[in-house]
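Here the structure is a predicted model, which is why all the values come from computation and not from measurement. Below, chain A is the first sequence line, B the second, and so on; all start at residue 1. The figures that follow rest on heavy atoms only: side chains count, while hydrogens, waters and symmetry mates do not.
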2 protein chains.
Amino acid sequence: MPPKSNKRAKLLKAARKLIHRQGFQSTTLADIATAADVPLGNVYYYFKTKDDIVRAVVEERTQRFVDLSGQWEQHHDPVERLKCFIQMPITISRSIADHGCPVGSLLQELSKKPDSSDLATQTLQAQLNWVIEQFHQLGCDDPEPLGRHFVASLQGASLLANTLNQPSVIIEQSEQLIQWLHTVVDNRLSIKVGDATGPE
Amino acid sequence: MPPKSNKRAKLLKAARKLIHRQGFQSTTLADIATAADVPLGNVYYYFKTKDDIVRAVVEERTQRFVDLSGQWEQHHDPVERLKCFIQMPITISRSIADHGCPVGSLLQELSKKPDSSDLATQTLQAQLNWVIEQFHQLGCDDPEPLGRHFVASLQGASLLANTLNQPSVIIEQSEQLIQWLHTVVDNRLSIKVGDATGPE
DNA sequence: GTCTATATACAGATAGAC
DNA sequence: GTCTATCTGTATATAGAC
């Protein structure tokens with residue numbers, strides 16, 4: 001347990017950063033090795049192939065989201081949890097304006113790669129499922145389209161912020177999304193109040 | 001003027017298709033040459049470098065949008081023109097579900113390439129400017145955020161349709177966008193009616 | 001576990017005959 | 001203008017010493 005090397009972690013961290021900045025294909029193993037301060041030949045002790053590295057990066061990102069969303073469970077109101085979700089891209093809006101959404105841009109690249117489509121969509125799928133679950137818990141009759149709109153809005157905002165190189169686009173569109181979220185919740189309440197067939 | 005070879009056009013067409021399916025970096029000149037039925041060495045007579053090819057593809061796409069939007073001028077109502085815009089992704093929704101938005105996915109890839117950011121964003125910038133102009137002509141006080149929301153919604157929908165491999169996501173989100181468009185127009189009218197400082 | 005040196009493959013680009 | 005053969009660089013991956 002003790003002197004276990006941290007080289008694998010250093011490689012993963014370097015890979016995550018470089019893949020976000022340069023894309024997967026443009027990032028060479030030599031780039032990653034140099035950034036992690038590990039000799040090139042040693043990389044293969046930790047990862048059999050380059051594909052193994054990107055798989056580890058994606059799975060780490062997915063796990064990170066699972067952990068984060070777990071923390072958000074402390075909020076009893078799903079609306080508050082969804083606002084936590086919106087806060088994510090706002091926090092890294094500078095980085096998104098510079099290099100795109102780390103989830104969305106890698107998804108686009110990997111989805112064009114043969115035999116990688118499951119891996120490609122893994123993180124966004126997890127986010128989408130979680131978001132839909134929140135709308136479900138809010139008692140929305142049809143949570144799927146709402147969840148898709150929610151996730152699509154943020155992905156679209158990220159792409160546009162990247163296009164214009166303006167982090168403010170993320171903030172601006174997030175505000176519009178929060179307004180939309182409130183109208184959705186308000187409509188649902190008014191329906192529930194007047195609808196004897198609703199839950200409770 | 002007479003027997004001018006069509007090889008350049010065939011190469012461009014093949015490049016457009018392959019870049020959309022495989023991405024720019026994964027598409028080799030040999031791929032393009034084979035698909036266009038042109039010997040590899042002959043490609044360089046028409047395009048100095050591989051970067052020249054992708055530049056031509058992007059500029060062709062931008063020009064195509066300019067031509068299309070020009071046709072839409074026959075509609076006097078900007079709302080009708082915006083609906084024409086929405087119709088674009090719907091028409092190719094199967095293709096988007098399979099390979100992503102041809103504009104958005106190439107943008108993400110090129111924007112990570114050094115010295116390509118202007119080219120990368122060219123087509124989406126043209127679309128965004130045109131959309132904003134429509135909201136401006138509608139008399140909206142603040143057309144920029146509205147235009148960004150409009151474009152972001154469709155890009156987000158395309159990414160999600162690709163993620164889920166479901167063309168229906170495009171249709172579904174487009175319907176939500178049209179509803180939103182109508183509320184924007186209705187609000188603008190009610191404000192204009194009650195606002196003595198408005199235009200006219 | 002770590003690292004140097006290198007094998008292998010392939011893609012962009014060029015030379016030069018026709 | 002067209003095409004074959006090939007050069008050159010570079011990236012993944014491996015061999016094998018330590």
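- Note on B:Y45: a side-chain N or O is less than 4.0 Å away from OP1 or OP2 of D:dG1.
- Per the geometry, CZ belonging to A:F47 stands 13 Å off P belonging to D:dA13, to the nearest Å.
- Comparing D:dC3, D:dT14, C:dC3 by their nearest atom to the side chain of A:Y44 picks out D:dT14.
- B:D52 places its CG atom 13 Å from the P atom of C:dG12, with the value rounded to the nearest Å.
- Between A:Y46 and the phosphate of C:dG1, there is no side-chain N or O to OP1/OP2 separation shorter than 4.0 Å.
- A:N42 has its CG atom 17 Å from the P atom of D:dA17, to the nearest Å.
- The same ILVMFWY cluster, assembled from side-chain heavy atoms under 4.5 Å apart, contains both B:L160 and A:I170.
- Contact check on B:D51 versus B:K113 returns a salt bridge, with a Lys/Arg side-chain nitrogen under 4.0 Å from an Asp/Glu carboxylate oxygen.
- Residue contacts for A:S26: at a heavy-atom cut-off of 4.0 Å it reaches no nucleic acid atom on any strand shown.
- The separation between B:R8 atom CZ and D:dG1 atom C1' is 15 Å, rounded to whole Å.
- The backbone N or O of A:F47 sits nowhere less than 3.5 Å from a side-chain atom of A:D52 that would complete a donor-acceptor pair.
- In this structure, CG of A:L40 is placed 18 Å from P of D:dG16, rounded to the nearest angstrom.
- Distances were taken from every side-chain heavy atom of B:P39 (C-beta onward) to each of C:dA13, D:dT4, D:dT12; the shortest belongs to D:dT4.
- For A:Q25 and D:dT10, the CD to C1' distance is 15 Å, given to the nearest whole Å.
- Counted by atom type alone, B:T62 and B:T123 present one or more donor-acceptor pairs between their side chains at under 3.5 Å.
- Between the CG atom of A:L29 and the P atom of C:dT6 there is a distance of 20 Å, rounded to whole Å.
- Distance B:L11 CG to D:dT2 P: 10 Å, rounded to the nearest Å.
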